[in-house]
Each structure stands twice: as structure tokens, then as C-alpha cells.
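Submitted below is the structure of interest, expressed as C-alpha cells.
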There are 2 protein chains.
Amino acid sequence: MSEPAPYAYDGLDRVLHERARLSLLTSLAAHPKPLAFSDLKQLCGLTDGNLSRHLGVLEEAGLVEIHKGYEGRRPLTTCRLTPAGRQRFVAYLAVLERVVRDAAEAARQGDRGPEPLPA
Amino acid sequence: MSEPAPYAYDGLDRVLHERARLSLLTSLAAHPKPLAFSDLKQLCGLTDGNLSRHLGVLEEAGLVEIHKGYEGRRPLTTCRLTPAGRQRFVAYLAVLERVVRDAAEAARQGDRGPEPLPA
DNA sequence: CGCATCAACTTTCCGATGCAAAGTACGCCG
DNA sequence: CGGCGTACTTTGCATCGGAAAGTTGATGCG
């Protein structure tokens, strides 16, 4: 037991644990169909530059699949979660949930002394 | 109205939304009494250097209070949440919780693939 | 006493990163 | 033809997190 570290949260992968990317993944997870660049931009409130970059990171990590095509004559980039991406996202979420539980409990505990026990 | 961005999660403050710091804050929130440097190190699984740095950041941001004293002749640094720190932590947690809910729901939705694609 | 060791931090260094601003390419009015 | 808008990409920069090295002082040992 040289490593108790109950709050070390190793599962908070740096690729996922990032506002913009988290936002993107949530958007993608919520929509079974691929989403267009501009849709993601709107949904996540990102600038073009940042969206492009973060999508690149997610793709590199194998979390999303990006398809660059055309709609008529306009370029249209669409994006969807890969199965692995979905899996990792779910795993990450489990850790996040754990964090929230730990912390909420902790916050309650430290907030005032002994609280009335909820039923 | 120009900003729907339902997944933009503005509340994910960069100072709090960071593995090491999140870990520290959770530890601190869980313990009403101030914690010692070495305790935090153990609890969060951090190296000396990184702990020092992150504590500095948290202090600078007014989230924690650091007290440098002595226990006998050894230096003993202790640390506790400030009221503002606790408040911001709780607020951050609320956002996190929202993320988890959104995402869990999203993941469930996208999981089953029977999309209603009417020919 | 002198020296090596350990504990408790701090400081430095470096590659990676997020964000913003500028750049590119192309289709579409008028 | 020429400006405008959409759809992205690239570049630049300042910041950041993490590893390693440094500091200070107490303690054990021969």
C-alpha cells in the first residue's frame, strides 16, 4: 500500500479532460449522426481555429473520425465518434462521476460540522 | 441570442479544471482541518515539485490559504480552503455535474444505434 | 567532529498546449 | 470583375504542467 492516493484520479486523461474537447465529445455523443464543422462550432461556442485544432487532436487520438467532403461545391467536414472514442469517453465519464461524488460529499462534510443526517 | 452553444461549459475554470488541482481541492474539501504538505502529497499522488507549484497557483487564485510554520524544528506547511475557494469549488462542481449528466444522457442516446431514419 | 542521509520544500527547465489572429481557397452575388 | 461570405488551416505566442535538480536544515553514524 505504498500508493493510497485516493484522490489521484489517474483516469482523467489529458486529451479528454479539456473544456473544448469535452464539449466536442459531449456534442458528438449526443448526436448519432455525424456533425458538420459549423454545427460543432455553434454547439461548442468555439472559434474556427480552435475547433480545427481540437478536432485534429481528437482525430490523432483516434477518438473521432473526420470526413472531408463536399456538399454541392462547398467543402463540408463532418465528424463522428469512433467506437473506441465512445468507449474512452464513457470511461472518462465514470471517473468524472466519481470525482463529483467524492467532491460533493467532501464539500458537504466540510461545509459545516455535523449535518443532520438525510434519511 | 447569438450564443446558443449548449455545450460550451463556460464554468469550467482553467484553474480548477485540472487534474492535480482538482485532486487537491477535493482533498482539502474533504478535510475540515488544514492538511500538511506531505499529506497532500500522499493523498493526491503528486511529486514535491508539482505539489509546490499547484499549491502556489491555488494560493495565487485565492482558493487556498497556505501557512508555513514549524513543527518542532522541521518546517511544516499546512493548507486549507478559503471560503471563496470552497464557494468556487462548489460552483465548479455544479458545472461538472451538469457535464456528466449531459454526457451520460448523450452516451446512452447514441449508444443504441436504432436511428429513426425513415427511408 | 565530519560526513552522508533524509525530509521538506523550491526553483529551473523544457516540451506541449490552448487560444487568437492571420491566412487560404472557393463559391456567390451584383 | 471584384468584393463578400463561408469554410477551414496555419502560425505565433505566452502559458502551463511535469520532471529533474537545487536548497536548507535536522539527524544518524563511525
Side-chain angles (χ1 to χ4, degrees), chain A residues 2-3 5 7-25 27-28 34-61 63-80, chain B residues 2-3 5 7-25 27-28 34-61 63-80:
Chain A
S2 38
E3 296 242 13
Y7 298 111
Y9 303 130
D10 286 0
L12 293 186
D13 185 333
R14 212 111 169 39
V15 174
L16 306 188
H17 189 65
E18 169 71 36
R19 197 169 76 193
R21 253 119 57 185
L22 187 48
S23 167
L24 286 171
L25 290 174
S27 300
L28 288 171
L35 287 173
F37 191 91
S38 44
D39 294 339
L40 283 169
K41 200 174 102 177
Q42 289 294 323
L43 286 168
C44 301
L46 290 169
T47 62
D48 292 14
N50 293 333
L51 176 53
S52 182
R53 188 181 244 285
H54 286 298
L55 279 184
V57 172
L58 290 175
E59 184 182 33
E60 192 116 337
L63 298 174
V64 306
E65 242 175 41
I66 298 180
H67 177 252
K68 297 176 194 211
Y70 287 85
E71 183 193 40
R73 321 211 142 265
R74 286 169 190 290
L76 181 69
T77 300
T78 61
C79 181
R80 65 193 192 88
Chain B
S2 38
E3 297 241 13
Y7 298 111
Y9 304 131
D10 286 359
L12 294 186
D13 186 332
R14 208 114 168 35
V15 174
L16 306 191
H17 189 65
E18 170 70 36
R19 199 170 75 193
R21 253 120 56 186
L22 188 47
S23 166
L24 286 171
L25 290 175
S27 301
L28 288 172
L35 287 173
F37 190 93
S38 43
D39 295 338
L40 284 169
K41 200 175 102 177
Q42 291 293 324
L43 285 169
C44 303
L46 291 169
T47 61
D48 292 13
N50 293 333
L51 175 52
S52 182
R53 188 181 247 286
H54 285 299
L55 279 185
V57 172
L58 290 174
E59 184 182 31
E60 193 115 339
L63 298 174
V64 306
E65 241 174 43
I66 296 179
H67 177 251
K68 296 176 193 210
Y70 287 84
E71 182 192 43
R73 317 210 147 264
R74 287 168 191 291
L76 182 68
T77 300
T78 61
C79 183
R80 64 192 193 87

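Just so you know, these numbers come straight off a predicted model, no measurement behind them. So that the names make sense, note that chain A is the first sequence line, chain B the second, and so on, each numbered from 1.
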- Task: Could you grab the distance from atom CG of B:Asp10 to atom OG of A:Ser23, nearest 0.5 Å is fine?
- Result: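 Atom-to-atom, B:Asp10:CG and A:Ser23:OG are 9.5 Å apart.
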Look at the side chain of B:Arg53 against the base of D:dG18 and say whether a donor-acceptor pair falls under 3.5 Å; ignore hydrogens and angles.
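Counting by modelled atom types and ignoring angles, a donor-acceptor contact under 3.5 Å is found here.
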### Task
Return the 5'-most residue of the pair A:Tyr70, A:Val15 with respect to DNA chain C, ranking by each residue's nearest nucleotide.
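First, find each residue's nearest nucleotide; the 5'-ward one identifies A:Val15.
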Review point. How close or far is atom P of C:dC9 from atom CG of B:Leu24, stated in whole angstroms?
Key: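 Computing the B:Leu24:CG to C:dC9:P distance gives 14 Å.
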task = Considering non-hydrogen atoms only, spot the tightest contact between B:Glu18 and B:His54 and give its length.
result =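 Looking at all heavy atoms of both residues, the closest pair is CG-CE1, 4.5 Å.
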Take the protein atom CG of B:Asp39 and the nucleotide atom P of C:dC9, then report the distance between them rounded to whole Å.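 Whole-Å distance recorded here is 10 Å.
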* Asked: Is B:Thr77 near enough to C:dC9 that one of its side-chain N or O atoms lies under 4.0 angstrom from OP1 or OP2?
  ->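 Yes, because at least one side-chain N or O of B:Thr77 sits under 4.0 Å from OP1 or OP2 of C:dC9.
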Using atom CG of A:Asp48 as one end and atom C1' of C:dT24 as the other, report the distance to the nearest whole Å.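 That distance rounds to 13 Å.
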- prompt: Rounded to the nearest Å, what distance is computed from the CZ atom of residue B:Phe37 to the C1' atom of nucleotide D:dT23?
  reply: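 Result: 13 Å.
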Which heavy atom in A:Leu51 sits nearest to a heavy atom in A:Lys41, and how many Å separate them?
->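 For A:Leu51 versus A:Lys41, the nearest heavy atoms are CD2-N, 3.7 Å.
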Check the distance between D:dG5's P and A:Lys41's NZ and give it to me in whole angstrom.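 Rounded to the whole Å, the gap is 13 Å.
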request  = Compare side-chain N and O positions of A:His54 against OP1 and OP2 of C:dC19 and report whether any pair is under 4.0 Å apart.
outcome  =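 Answer yes for this pair, as a side-chain N or O of A:His54 is under 4.0 Å from OP1 or OP2.
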Open item on the list: Output the rounded distance in Å from CD (A:Glu18) to P (C:dA16).
Closed with: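 Going from CD in A:Glu18 over to P in C:dA16 covers 16 Å.
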Report task. Take the protein atom CZ of A:Arg21 and the nucleotide atom C1' of C:dT17, then report the distance between them rounded to whole Å. Result ->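 Computing the A:Arg21:CZ to C:dT17:C1' distance gives 8 Å.
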Ignoring backbone atoms, establish whether A:Ser52 has a side-chain N or O less than 4.0 Å from OP1 or OP2 of D:dT9.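 So the side chain of A:Ser52 is within the cut-off, an N or O lying under 4.0 Å from OP1 or OP2 of D:dT9.
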| task | Select base, sugar-phosphate, or nothing to describe what B:Leu76 touches, counting heavy atoms under 4.0 Å on all strands. | result |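 Sugar-phosphate only.
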**Report entry** Shortest non-hydrogen separation from A:Ile66 to A:Thr77 and the atoms involved
**Finding:**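 Answer, listing the atom of A:Ile66 first, then A:Thr77: CG2-CG2, 3.5 Å.
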For A:Lys68, report the nucleic acid contact type (base, sugar-phosphate, nothing); a contact means any heavy atom under 4.0 Å.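 The answer is sugar-phosphate, as A:Lys68 gets under 4.0 Å only of primed atoms, P, OP1 or OP2.
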* Working to the nearest 0.5 Å, report the span between CG of A:Leu28 and CG of A:Leu63. =>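 If I round to the nearest 0.5 Å, the distance is 10.0 Å.
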At under 4.0 Å between heavy atoms, what does B:Leu46 touch on the DNA or RNA strands: base, sugar-phosphate, or nothing?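 Contact class for B:Leu46: none.
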Identify, between A:Ser38 and A:Asn50, the residue whose nearest nucleotide on DNA chain D lies closer to the 5' end.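 Mapping each residue to its closest nucleotide by heavy atoms, the 5'-most match is A:Ser38.
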Euclidean distance, atom CZ of residue A:Arg19 to atom C1' of C:dG18 [Å, nearest integer]: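 After rounding, the reported distance stands at 10 Å.
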